[in-house]
Protein chains: 2
Amino acid sequence: MKVEKISEKYSCVASCPMRNVIAHFANKWSMLLLVILDEFGVMRFNELSRAIPDISPKVLSGHLKTLESIGLVKRILYAEVPPRTEYELTELGKSLIPILNQLSEWARRNLEKISKNLRKRD
Amino acid sequence: MKVEKISEKYSCVASCPMRNVIAHFANKWSMLLLVILDEFGVMRFNELSRAIPDISPKVLSGHLKTLESIGLVKRILYAEVPPRTEYELTELGKSLIPILNQLSEWARRNLEKISKNLRKRD
DNA sequence: CTGTATCCTACTCGATACTG
DNA sequence: CAGTATCGAGTAGGATACAG
C-alpha cells in the first residue's frame, strides 16, 4: 500500500477514527475511569476520588465531563440535600469495555518486559 | 467490589497496567504510528512524515523514541550516504496490533454517534 | 535524508481553598 | 457532597531553521 493511501485512511480525512474518536479518551485517566466504572457499576464523585487517590477533583471533574460529552458515561444528578450524583457507563461505554480489558490484559502480560525495556533507556 | 479493592488493583500499586504501560502510548500519535507501521511494514522517517502530514519532525522523532524505548518499535540505522533509517514493529508491537485494530473498528463504527454527541455539547 | 535545536504557545495537571 | 475558582508549574505540541 502506498504511503498516500495510508495518509488518506488515517490522517488527512476528517473521518480518521484515531484522530476523531480515540484521541478524546486515549489517556491514562479516562481509560482508568472507564475500567473502574465498569467494575463498580455505579459510582459517586467521591467514590471515584477514593478509587483514584492521586487525581485532583478538578481533573476528575474535567475528565468526567469529557467522557460524558463523548457519550461514554452517564451522569445522573439527584435533587437532594446533600446532593448526590451518580456516574455510570452508557451502552456505548460498555461496548468499549471488552477492548479496554484486552488492552489491560495485554499490558499486564507484558508489564515486566516493558519495564525492563524502559529501564535500559536510563 | 469495594472501592478500596479497586483502588488497590488500578491505582495505588506500582503494577497497575493502565498507569505503567498504557499511559506511555495512549495518545493519538503513538497509536496512529503503530497502526500505520503495521499496514506498511517497514517505513523510513520521511514516509512516516508524509503518512501523517500534520506531525512535526520533532514530535514524530519524540514519539518514535518513546515507542522504541518501550520496545514496540525497532529502529534500524544504515550507515549510508545519504543516511537511511527504517522503522518497523517489534514482535511485542505486532502483538498489540489486533487490539488496536479492534479499537479502531469500534471507533469507526461509532464515529457518527460520537460526533453527534460532541456537537450537542456546543 | 534524518533528524536536532530553538523558541513559543497552549494545554494539562496538581494543590488548595471555597461555594451551593 | 459535589464540584468550581484560582494559581502556578511543568510539559507536550507546533513552526521553522539548520546540522551531519
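A note on names: the letters A, B, ... follow the listed sequences, proteins ahead of strands, and every chain is numbered from 1.
Rounding to whole angstrom units, OH of residue A/Tyr87 and C1' of D/dC1 are separated by 11 Å. Atom-to-atom, NZ of A/Lys65 to P of C/dC13 comes out at 16 Å; the value is rounded to the nearest Å. Put simply, NZ on A/Lys58 is 9 Å from C1' on D/dA5, counting in whole angstrom units. Whole-Å rounding puts the B/His24 NE2 to D/dA12 P distance at 12 Å. Counting to the nearest Å, the C1' atom of D/dG20 and the CZ atom of B/Phe45 are 15 Å from each other. Across the protein-nucleic acid pair, B/Ile76 atom CD1 and C/dT2 atom P stand 13 Å apart, rounded to whole Å. Rounded to whole Å, the distance from CG on A/Asn27 to C1' on C/dC13 is 12 Å. Counting to the nearest Å, the P atom of C/dG3 and the CG atom of B/Leu64 are 8 Å from each other.
The aromatic rings of B/Phe45 and B/Tyr87 sit tilted relative to each other, their planes meeting at an angle between 30° and 60°.
The shortest side-chain heavy-atom distance between A/Leu72 and A/Leu92 falls under the 4.5 Å cut-off. A/Leu33 places none of its side-chain heavy atoms less than 4.5 Å from the side chain of A/Phe25. Residues B/Ile76 and B/Glu88 have side chains in contact (heavy-atom distance under 4.5 Å, counting atoms from C-beta outward). Using a 4.5 Å heavy-atom threshold, the side chains of B/Asn117 and A/Ser69 count as separate.
For the pair A/Gly62 and B/Lys28, both in contact range of DNA chain D, the more 5′-proximal nearest nucleotide belongs to A/Gly62. Mapping A/Pro57 and A/Pro83 onto DNA chain D by nearest heavy atom places A/Pro83 closer to the 5' end of the strand.
Remark: B/Arg50 is not in phosphate contact with C/dC1, judged by side-chain N or O atoms under 4.0 Å from OP1 or OP2. An OP1 or OP2 oxygen of D/dC1 is reached within less than 4.0 angstrom by no side-chain nitrogen or oxygen of A/Arg44. The shortest distance between the side-chain N/O atoms of B/Ser61 and the OP1/OP2 oxygens of C/dT2 is not below 4.0 Å. The side chain of B/Ser56 places no N or O atom within less than 4.0 Å of a non-bridging phosphate oxygen (OP1 or OP2) of D/dT16.
Of the candidates D/dG3, D/dG14, D/dG20, D/dG14 carries the atom nearest the B/Val59 side chain, counting heavy atoms from C-beta on.
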